[in-house]
Amino acid sequence: MRDVHPGRPGAAGGAAGAGSPLGPAPSLLCDVAAVAGLPGEGPSSAGARWRLAEPGRQLDANVVHLPPGQRVETHTEPDLDVLLLVVAGRGTLEGTDSAEQLAASGLFWLPHGSTRRITAGADGLSYLTVHRRRPGMTIRSRRDSP
C-alpha cells in the first residue's frame with residue numbers, strides 16, 4: 001500500500017486528534033485518485049491499496065484495485081452491509097440473479113446475506129468499500145466454550 005500523505009496528521013498510519021484534549025478531529029486520510037491504480041499496472045498490483053487504520057474507529061474501509069480481467073470470486077457476506085464506490089475503471093458486479101455494470105462514480109449497496117462476484121474490465125477496476133467494523137476475535141479457554 002502507498003502512503004499518499006507521509007507525515008500529514010490523519011494520513012494513512014496517522015491519527016489526527018487522537019491525543020487532542022478536544023477529542024478526535026476530522027482529517028484527510030488519503031487521495032483516493034492517487035491510490036486507485038493506473039491502467040497498465042501489472043497483476044502483482046492487485047489488492048488493497050489503502051486501509052482505514054485509525055484507532056478507535058467504528059468503520060472499516062479499503063481502496064481495492066483489480067488489474068484487467070482479475071476478480072474477487074463469488075462469496076457471501078453473512079453479517080455486514082457494504083457500500084462500494086467505484087473510483088476508477090470499469091467492471092461487473094454479479095449477484096445471484098443479476099449483473100450490474102461498474103463504472104467510476106457508481107455507488108452500490110451490497111446487503112448482508114447477498115452473494116456477489118466482482119470482475120475488472122479491460123482497464124482494471126478500483127473501488128472503495130466501507131462497512132461496520134468487525135469485532136475483534138476473542139480467545140476463550142475450553143471450559144468457556146459452549
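Between Arg117 and Glu94, the closest side-chain pair of non-hydrogen atoms falls below 4.5 Å. Between Val86 and Leu125 the shortest side-chain heavy-atom distance falls below 4.5 Å. Counting heavy atoms from C-beta outward, Phe108 and Leu102 have side chains that approach closer than 4.5 Å. Annotation: side chain of Leu66 is in contact with side chain of Val72 (closest heavy-atom distance under 4.5 Å).
Atom CG of residue Leu107 and atom CG of residue Leu84 lie 8.0 Å apart, to the nearest 0.5 angstrom. From Leu93, atom CG reaches atom OH of Tyr127 across 9.5 Å, with rounding to the nearest 0.5 Å. In this structure, CZ on Arg49 lies 12.0 Å from SG on Cys30, to the nearest 0.5 angstrom. Distance check, rounded to the nearest 0.5 Å: CD of Glu54 to CG of Leu29 gives 5.0 Å. Interatomic distance, CG of Leu110 versus OG1 of Thr115, reported as 11.0 Å (0.5 Å rounding).
In this structure, Arg57 contributes its side chain and Leu59 its backbone to a donor-acceptor pair below 3.5 Å. With hydrogens and angles disregarded, no donor-acceptor distance shorter than 3.5 Å links the side chain of Asn62 to the backbone of Val64. Looking only at distances, no side-chain donor or acceptor of Ser98 sits under 3.5 Å from a matching main-chain atom of Gly95.
Evaluation of the side-chain contact (heavy atoms from CB on, under 4.5 Å) rule for Glu77 yields Asp79, Leu80, Arg116, Arg134 as partners, not counting sequence neighbours.
Shown are Ile118, Thr119, Thr92; of these, the side chain to side chain contact (heavy atoms under 4.5 Å, CB included) with Arg71 is made only by Thr119.
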